[in-house]
Amino acid sequence: MNRSRHIPEAERRLAMVRASFRCQEPDCGNRHALEAHHVIPFAEGGPHIAENLRVVCWRCHDLWHRSHASKPDES
Ligand SMILES: [Zn+2]
Ligand SMILES: [Zn+2]
């Protein structure tokens with residue numbers, strides 16, 4: 001399986017709009033350096049659709065992946 005890791009811009013934007021362009025971590029709310037995190041990991045078949053994307057800032061994203069270190073390269 002060799003699906004593209006690229007998230008379609010429309011889906012990424014939709015996820016951002018739903019999150020009101022804020023980090024979705026409850027204690028954060030950062031509006032800058034936002035990234036799209038896959039709720040179901042891409043490596044486990046999670047689709048590139050807004051429903052499967054969680055908007056987090058780079059710091060929360062980095063922290064999340066550090067604390068769930070099994071798939072360090074999954075976005
Ligand atoms: Zn991620
Ligand atoms: Zn954050």
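Ligands are counted one by one from 1 in listed order, and the atoms in each one are counted from 1 as well. Only a predicted model underlies this, so the values are computations on that prediction, with no experimental measurement involved.
Aromatic ring orientation, His61 versus His37: perpendicular (interplanar angle above 60°, classes split at 30° and 60°).
With the Zn ion (ligand 2) at the apex, Cys57 SG and Cys23 SG define an angle of roughly 120° (rounded to 10 degrees). The Zn ion (ligand 1) forms the vertex of an angle spanning ND1 of His37 and NE2 of His61; to the nearest 10 degrees it equals 120°.
Of all non-hydrogen atoms in Cys57 and Cys23, the two that sit nearest each other are N-SG, 3.4 Å.
Taking backbone and side chain together, Cys60 holds an N, O or S atom under 2.8 Å from the Zn ion (ligand 2). Distances from the Zn ion (ligand 1) show that His38 has no N/O/S atom below 2.8 Å.
The atom name of the N/O/S atom in His65 closest to the Zn ion (ligand 1) is NE2.
In terms of modelled atom types and a separation under 3.5 Å, the side chain of Asn52 and the main chain of His38 share no donor-acceptor contact. Glu35 places no side-chain N or O within donor-acceptor distance of the main-chain N or O of Trp58, the cut-off being under 3.5 Å.
At most 12 non-hydrogen atoms from other residues, nucleotides or ligands lie less than 6.0 angstrom from CZ of Arg59.
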